Protein chains: 2
Amino acid sequence: MANLTLRDVARAAGVHSGTVSRALNPATRDRVSPETVRRIDKAVRELGYTPNPIARSLRTSKSHTVGVVIPDLTNPLFPPMVRGIESVLDEYGYSPLIVSTDDDPEREATHISALLARQVDGLIVGTARLGDTTFDELAARGTRIALINRRAADSGLDSVTADDDTGMSLLIHHLATLGHRRLLCLAGPRNTSTAVARLRGFHSAVRAEGLDDDAQLVVECASWTAAEGAARFAEALDGGTPFTAVVAATDLVAMGCYDVMAERGLSCPDDMSIAGFNDMPFVNRLAPPLTTVAVPQYEIGREGAQMLMAALGQQEHMPRTVLLPVTLTVRGSTGAPGGHRER
Amino acid sequence: MANLTLRDVARAAGVHSGTVSRALNPATRDRVSPETVRRIDKAVRELGYTPNPIARSLRTSKSHTVGVVIPDLTNPLFPPMVRGIESVLDEYGYSPLIVSTDDDPEREATHISALLARQVDGLIVGTARLGDTTFDELAARGTRIALINRRAADSGLDSVTADDDTGMSLLIHHLATLGHRRLLCLAGPRNTSTAVARLRGFHSAVRAEGLDDDAQLVVECASWTAAEGAARFAEALDGGTPFTAVVAATDLVAMGCYDVMAERGLSCPDDMSIAGFNDMPFVNRLAPPLTTVAVPQYEIGREGAQMLMAALGQQEHMPRTVLLPVTLTVRGSTGAPGGHRER
DNA sequence: GCTTGCGCTGCAATCGTTTGCATCACTCTG
DNA sequence: CAGAGTGATGCAAACGATTGCAGCGCAAGC
């Protein structure tokens with residue numbers, strides 16, 4: 001079990017190490033006589049040889065690892081994506097190196113340098129910001145990159161995100177059908193594509209449904225957190241502009257709204273309907289269960305990884321922008337307006 | 001920005017590449033004259049040189065990566081541990097390679113082979129089973145291993161877990177104080193140290209508190225899932241043996257109980273108190289918020305990583321068994337018994 | 001003044017694979 | 001039967017860093 005090398009196998013099979021290398025590599029296996037291949041395979045099996053990927057990497061300058069850059073592993077939205085990525089990478093013999101940036105550009109930069117220093121063959125990035133050209137620059141220098149979850153504006157990068165726009169329409173339509181006319185939108189940070197797409201979807205759906213289109217009803221959250229959601233929601237409640245439902249950019253933001261409701265003794269959905277976005281794990285267990293737009297998290301991961309794997313093969317390739325379909329998941333947190341009036 | 005080597009730096013600084021190597025390595029830096037070090041540092045900075053870890057690994061046969069083996073990244077219990085691990089590994093210049101086994105021994109074996117083939121310097125394992133000698137064998141062959149979350153029986157392996165025993169005592173005491181006499185214990189799979197420790201804690205605390213010690217009141221769950229918890233809990237309810245509170249081996253199992261309660265129109269804690277274990281993220285947001293034993297997830301990760309880093313340094317070392325303190329977190333899911341009687 | 005010793009640096013082998021090129025034994029063709 | 005072609009394998013140079021060893025210059029010691 002000590003570490004064997006090609007030479008050990010070569011000796012056992014009575015051939016040269018170069019021949020063993022060729023026999024073991026599927027791409028060059030047919031350049032070795034079948035008889036020799038058989039002898040080598042036997043020797044490999046008997047000795048229990050496994051190739052040393054580090055030596056291979058040194059020679060080929062491919063590490064067979066990819067960096068996975070996400071905001072925060074403890075945000076339940078991301079583990080499913082990571083597992084999706086993992087499942088594809090496994091098939092290709094690649095391994096992920098996962099880093100959490102906490103949405104801090106500095107941490108992100110540090111981690112990315114570290115990943116590149118580790119010679120990752122590519123990056124799967126879930127932290128792109130709209131103003132930021134970091135990834136375009138990296139791509140220009142030859143780093144293979146696939147964006148997931150968020151896109152970067154107009155950059156020629158592969159990306160796979162949810163169809164936020166459509167999802168928002170479905171949600172707004174649902175609320176409109178329930179009878180809501182004035183919806184508070186707790187938008188995400190405007191420097192992310194996700195926030196922008198969802199906000200755009202909000203605006204266009206509000207208009208399409210003929211609901212009140214009031215600038216007061218749109219508030220930007222500085223971060224995708226429950227705390228931020230709670231703060232902005234509380235402000236909006238105090239602001240005096242009436243609304244009967246709130247559309248949160250993200251389930252976490254919606255959870256912040258729940259907190260405020262509880263603090264103030266308000267009841268959801270009687271006093272206020274609340275909807276989230278993402279359908280992250282466990283939001284079906286909140287009280288009440290959260291109405292939200294289900295985003296195919298696992299598939300986003302898979303698709304992003306697929307794209308990167310595809311890109312690694314080719315020299316030049318057309319960047320693709322993939323939108324994955326979403327579905328409206330209606331649960332208990334949305335209902336007909338009126339609780340307010342009935343009091 | 002193309003890939004520079006030691007030789008490029010050496011040329012720029014007018015020295016030999018070996019000297020550059022020595023100047024860059026903190027351990028050998030003092031063998032190079034200060035003046036030369038300065039020149040080399042300057043050249044490194046100007047050229048933007050970064051060492052190639054792959055070449056380094058090949059030569060030193062240390063990959064500066066560690067395998068992190070956990071059951072499932074989408075179980076909210078584990079991301080905090082992983083982040084704890086990450087934080088320590090960062091300090092040491094190590095990177096984690098994370099794999100999810102879904103508690104399937106076959107997947108585990110596959111992943112571990114892959115990790116070893118990738119030449120990880122050590123393993124942080126959260127999937128140990130009591131009967132299993134896999135990790136002892138690996139350790140005997142020289143693989144450095146630290147167990148977290150679960151231990152392996154009597155094996156001379158480093159391990160860090162929560163003080164399950166004490167946690168269970170705290171919890172039982174809490175329930176006893178509320179007036180409960182008959183507690184259903186939904187234990188975890190008996191082939192895990194965690195399940196065994198918590199069960200042992202349950203038994204001894206029940207006796208210490210003078211509660212009913214009835215074999216009927218202990219049921220083993222085959223897996224740590226909500227579905228399994230729901231199934232066993234439903235059976236127990238139907239079984240006729242009375243109890244007023246349920247102690248679940250894990251928060252997920254407790255969530256399964258919530259499901260059954262909801263299905264049957266029972267109310268927690270009025271009809272039944274329910275307690276979990278772990279205090280995983282978001283259980284404070286369940287309805288009702290879950291009473292549970294808070295396990296220091298992040299710290300378990302940190303401590304496990306510390307141990308492994310320490311072990312990598314030494315030749316032989318005394319394995320340590322660390323128990324991290326836990327705290328009882330009382331929330332809304334436990335209350336005085338009586339709901340049943342009052343009906 | 002010559003040796004000894006020491007501090008600094010160069011030299012070159014090495015880690016384990018991959019891969020272009022050379023070589024060799026054949027077979028086939030005309 | 002000579003020459004070309006072909007298929008299989010050996011050879012050896014990389015890949016980029018580390019490191020034991022050797023060599024060099026120089027100061028100190030006698």
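Because only heavy atoms are used, hydrogens play no part in the values below, and waters and symmetry mates are left out as well, while side chains stay in. A quick note: this is a predicted structure, and the numbers were derived from the prediction, not measured. Letters A, B, ... are given to chains in the order of the sequence lines, protein chains preceding strands, and every chain is numbered from 1.
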Starting from the 5' end of DNA chain C, give me the residue, B:Leu58 or B:His16, whose nearest nucleotide shows up first.
-> B:His16
Taking the side chain of A:Tyr49 as heavy atoms from C-beta outward, which of D:dA17, C:dG10, C:dT17 is closest to it?
-> C:dT17
Closer than 4.0 Å, any side-chain N/O of A:Thr19 to the OP1 or OP2 of D:dG10?
-> yes
Is the CZ atom of A:Arg31 crowded by more than 12 outside heavy atoms at less than 6.0 Å?
-> no
B:Lys62 NZ: over 12 foreign heavy atoms closer than 6.0 Å | yes
Hey, does the side-chain of B:Arg31 have a donor or acceptor N/O within less than 3.5 Å of a partner on the base of C:dG10?
-> no
Checking only heavy atoms, does the side chain of A:Arg59 share a donor-acceptor pair with the base of D:dG16 at less than 3.5 Å?
-> no
Could you pick out which residue, B:Ser17 or A:Val15, lies toward the 5' side of DNA chain D when each is mapped onto its nearest nucleotide?
-> A:Val15
Gap between atoms CZ and P, on A:Arg39 and D:dA8 respectively (whole Å) | 13 Å
For B:Arg320, look at atom CZ and say whether over 12 heavy atoms of other residues, nucleotides or ligands are found less than 6.0 Å away.
-> no
Check the distance between D:dT19's P and B:Leu6's CG and give it to me in whole angstrom.
-> 12 Å
Expressed in angstrom and rounded to an integer, what is the separation of A:Leu24 atom CG from C:dT19 atom P?
-> 13 Å
Between C:dT14 atom P and A:Asn3 atom CG, what is the distance in whole Å?
-> 18 Å
Look at B:Asp8 together with B:Arg11 and state whether they make a salt bridge at an N to O cut-off of under 4.0 Å.
-> yes
Return the value, rounded to whole Å, for the distance between atom CG of B:Asn52 and atom P of D:dA14.
-> 18 Å
Closest to the A:Arg56 side chain: D:dG16, C:dT9, C:dT18?
-> C:dT18
Length of the line joining A:Asp8:CG and C:dC15:P, which is rounded to integer Å = 11 Å
Touch check for B:Pro53, heavy atoms < 4.0 angstrom, all strands: base, sugar-phosphate only, or nothing?
-> nothing
Determine: side-chain N/O of B:Ser21 to OP1/OP2 of D:dA17, distance under 4.0 Å, yes or no.
-> no
Among the nucleotides C:dT17, C:dC11, D:dG16, which one has an atom lying closest to any side-chain atom of A:Arg7?
-> C:dT17
Round to a whole Å and report the spacing from CZ of A:Arg22 to C1' of D:dG10.
-> 8 Å
Which part of the nucleic acid, if any, lies within contact of B:Ser33, taking any heavy atom under 4.0 Å across all strands shown: a base, the sugar-phosphate backbone alone, or nothing?
-> sugar-phosphate
Residue B:Thr36, side-chain atoms from C-beta onward, closest of D:dT9, C:dC8, D:dC15 = C:dC8
Do other residues, nucleotides or ligands put more than 12 heavy atoms under 6.0 Å from B:Glu106 CD?
-> no
Nearest-Å distance, NZ (B:Lys62) to P (C:dG16)?
-> 14 Å
